[in-house]
Structures are given as C-alpha cells and as structure tokens.
Protein chains: 2
Amino acid sequence: MRHKDPHPPVERLVLTDVMAALSDPLRIGVVRLLADERERTFGEFDAPVAKSTLSHHLRTLRAAGVTRTREEGTRCYVRLRRADLEARFPGLLDAVLAAAGRDAVGDRIRLQAEG
Amino acid sequence: MRHKDPHPPVERLVLTDVMAALSDPLRIGVVRLLADERERTFGEFDAPVAKSTLSHHLRTLRAAGVTRTREEGTRCYVRLRRADLEARFPGLLDAVLAAAGRDAVGDRIRLQAEG
DNA sequence: CCAGATGTTCGTGAACTATCGAACATCAAC
DNA sequence: GTTGATGTTCGATAGTTCACGAACATCTGG
C-alpha cells in the first residue's frame with residue numbers, strides 16, 4: 001500500500017495544480033467532508049465510483065498538496081492541508097468551500113452510514 | 001467571426017467549470033491582464049502560442065463564464081466578469097488573482113508593446 | 001498458515017485538452 | 001471589388017484524465 005507521489009512541501013504548492021485538483025465534483029466533495037479538520041480513512045467515503053477510481057482522486061488531491069495522507073496498518077488516513085493552503089493561497093480554500101457548500105457541489109460523496 | 005458558445009448567465013455559473021478554466025497558466029495570465037476591468041481585444045495579448053490556440057483559451061474562459069466577449073467590427077473585445085463571479089463565488093477571484101500575482105503565474109502573457 | 005479487509009497499481013478504453021497550421025469568414029479601407 | 005486585419009473553425013496529433021475490473025500487496029485476526 002506504499003504511496004508513490006510524495007506530498008509537495010508547502011513552499012512548492014502550485015496554484016494551477018490546486019485549481020485543477022479542485023475542478024472535479026468528486027474531489028470537491030471529498031474536500032468538503034474533510035473541512036472539519038478530522039482525519040478520515042479512504043473507506044469512510046461513500047462515493048458512486050469504483051474503489052480504484054476513488055484511490056485515483058485521492059492521489060490527485062495528495063499530489064496537488066490539497067490533502068495529506070498517513071498510513072497506519074492497512075488503513076490510509078487523509079486530512080486537509082488547510083493551514084498550508086491558507087499560507088500559500090490565502091482565502092482560496094474558504095472561497096471554494098463556501099461556494100461548493102451553497103451549490104451542493106460534490107454532494108454525492110458522503111460518509112458511510114455509521115451505526 | 002460569430003461566437004459559438006454563449007455566455008452562461010450569472011445564476012448558472014458552475015464552480016467546477018470556473019476552477020477548471022482557472023487551472024491553466026495561460027488563462028490565468030489573461031485574467032490577470034483583465035483584472036483592471038478594462039476591455040482588451042484579443043490581439044492585444046502577446047502570448048507564446050498560435051493565434052488559434054489563444055482563441056481556444058479565450059473561448060474556454062468565455063464558456064466558463066469568467067469573461068465576456070463583445071464583437072465590434074472585426075475585433076473582439078473581452079473583459080472580466082468580475083461582479084458576476086463575485087456574486088456567485090465571493091472571494092474566489094480575488095484569492096486567485098492575489099496568489100497568481102505573488103507566484104507570477106501566467107507572466108509569459110503580456111500586453112503588446114504599445115508605441 | 002489462511003481468510004478478510006484495505007488500498008494500490010496495472011491495463012484498457014473513452015473522453016477530453018492543448019497545440020499547430022491551413023482554410024475560412026467578416027469587416028474596413030482603399 | 002481587392003487587399004489586409006482580425007478572429008474563428010477544422011483536422012490532425014499528442015498528451016492527459018477518468019473510469020472500470022483484475023491482480024497485487026500489506027496488515028489483522030482467527
């Protein structure tokens with residue numbers, strides 16, 4: 001379960017890469033679910049796509065520096081790099097989250113129904 | 001010189017389309033040059049791409065609702081839909097412009113050297 | 001060891017994007 | 001009308017992205 005693409009360091013976050021990463025409804029949906037700063041495992045996401053497709057999107061977010069991934073046992077925990085994004089692109093993430101919230105962008109991605 | 005894709009009305013601007021339109025350095029460069037609210041003709045942009053490529057990028061911006069195009073004679077005037085973008089996605093454009101400015105994104109696109 | 005859970009990677013096909021040059025359309029000016 | 005300026009559109013190519021299932025790797029637990 002080794003990850004290939006490393007996390008880009010804060011100072012090397014690229015605006016166009018972040019914009020591209022956030023130009024997909026599924027990925028926006030994931031980011032919205034991560035907006036509460038809590039860590040989630042990949043499996044917690046209930047998305048209408050194949051497992052491998054979700055993995056691909058999470059890799060895209062990671063490669064762009066939007067999220068940070070941590071492996072623990074056989075699980076992958078992912079969280080939003082909110083502070084890093086804010087440091088490099090002030091206001092950007094908040095604007096996207098607010099707009100996405102109002103427009104219900106990525107609403108098809110939810111958290112697994114938990115007991 | 002008739003344009004094909006119409007301008008989307010304000011209320012139908014799509015976040016992911018705007019994000020995608022702004023995920024390209026050349027298009028960000030154009031948007032930065034338009035940030036002063038002045039109208040420009042296509043020919044005023046000095047970009048290191050073919051005429052048809054620039055036309056394509058300007059069409060992308062227009063289709064996403066980032067810019068508005070007006071034809072006058074044989075010229076095309078383009079300007080930023082700043083107010084519309086602000087109304088639908090508050091803070092987004094400003095955040096992008098600020099970040100792009102600091103990182104010099106799209107600096108290869110300039111205005112023609114004028115006499 | 002074997003089975004199950006969790007993700008990754010690979011191979012594939014479909015769809016989209018960027019780029020160019022060439023051809024075209026439109027208008028202005030002579 | 002002819003010519004030149006300004007953009008658009010077309011066709012081709014190359015590269016990228018998205019999606020899937022299948023196969024694989026890793027860890028956990030019997």
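So that the names make sense, note that chain A is the first sequence line, chain B the second, and so on, each numbered from 1.
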### Query
E72(A) CD to dG7(C) C1': how many Å, rounded?
15 Å
### Message
Strictly distance-based, threshold 3.5 Å: is any side-chain N or O of H7(B) a donor or acceptor partner for the main-chain N or O of A63(B)?
### Response
no
### Atom-pair distance (CG on L58(A); P on dC18(D)), nearest Å
12 Å
### Query
Considering residues at least two apart in sequence or located in another chain, which fulfil the salt bridge (charged side-chain N to carboxylate O under 4.0 Å, His left out) criterion with D46(A)?
none
### Query
Could you state the CZ-C1' distance from R75(B) to dA29(C), rounded to the nearest angstrom?
13 Å
### Summary
Overall bend of the helix from dC1(C)-dG30(D) to dC30(C)-dG1(D) (five pairs an end, 10° steps) is 10°
### Task
Output the single nucleotide from dT8(D), dG7(C), dG7(D) whose closest atom is nearest the side chain of C76(A).
dG7(C)
### Task
Please name all residues satisfying side chain to side chain donor-acceptor pair (under 3.5 Å) with E86(B), sequence neighbours left out, ordered by chain then number.
none
### Task
Return the value, rounded to whole Å, for the distance between atom NE2 of H56(A) and atom C1' of dT16(D).
10 Å
### Message
I'd like to check the salt bridge (charged side-chain N to carboxylate O under 4.0 Å, His left out) partners of R108(B); sequence neighbours left out, ordered by chain and number.
### Response
none
### Query
In residues 17-30 of chain B, which residues come under 4.0 Å of DNA chain D by heavy atom?
none
### Query
What's the CG-P distance between L61(B) and dT17(C), to the nearest Å?
13 Å
### Query
Of the residues in residues 45-54 of chain B, which ones touch DNA chain C at a heavy-atom distance under 4.0 Å?
V49(B), A50(B), S52(B), T53(B)
### Query
Counting side-chain heavy atoms from C-beta on, which of dT8(C), dT9(D), dG7(D) comes nearest to R62(A)?
dT8(C)
### Query
Are T74(B) and dA5(D) close enough that a side-chain N or O sits under 4.0 Å from OP1 or OP2?
no
### Query
How long is the gap from CG on D103(B) to CZ on F89(A), to the nearest 0.5 Å?
5.5 Å
### Task
Only counting residues at least two apart or in another chain, list the ones meeting side-chain contact (heavy atoms from CB on, under 4.5 Å) with S52(B).
A50(B)
### Message
Taking R40(B) first and then D36(B), would you say they form a salt bridge - that is, a charged N and a carboxylate O separated by under 4.0 Å?
### Response
yes
### Task
Tell me, please, which residues at least two apart from D84(A) pass salt bridge (charged side-chain N to carboxylate O under 4.0 Å, His left out).
R68(A), R81(A)
### Summary
Atom CD of Q112(A) and atom P of dA5(C) are separated, to the nearest Å, by 14 Å
Name the atoms and distances for all side-chain donor-acceptor pairs under 3.5 Å in residues 8-24 of chain B, with sequence neighbours left out.
{"residue": "S23(B)", "atom": "OG", "partner": "A20(B)", "partner atom": "O", "Å": "2.7"}
{"residue": "D24(B)", "atom": "OD1", "partner": "L26(B)", "partner atom": "N", "Å": "2.8"}
{"residue": "D24(B)", "atom": "OD1", "partner": "R27(B)", "partner atom": "N", "Å": "3.2"}

## Note on the structure
Taken to the nearest whole Å, CZ/R59(B) to P/dT19(C) is 15 Å
### Query
With sugar-phosphate meaning primed atoms plus P, OP1 and OP2, does H57(B) contact a base, only sugar-phosphate, or nothing at under 4.0 Å between heavy atoms?
sugar-phosphate
### Summary
Across all chains, not counting sequence neighbours, the salt bridge (charged side-chain N to carboxylate O under 4.0 Å, His left out) partners of R82(B) are E37(B), D94(B)
### Message
When you measure from the side chain of R32(A) to the backbone of V105(A), do you find a donor-acceptor pair of N or O atoms at a distance under 3.5 Å?
### Response
yes
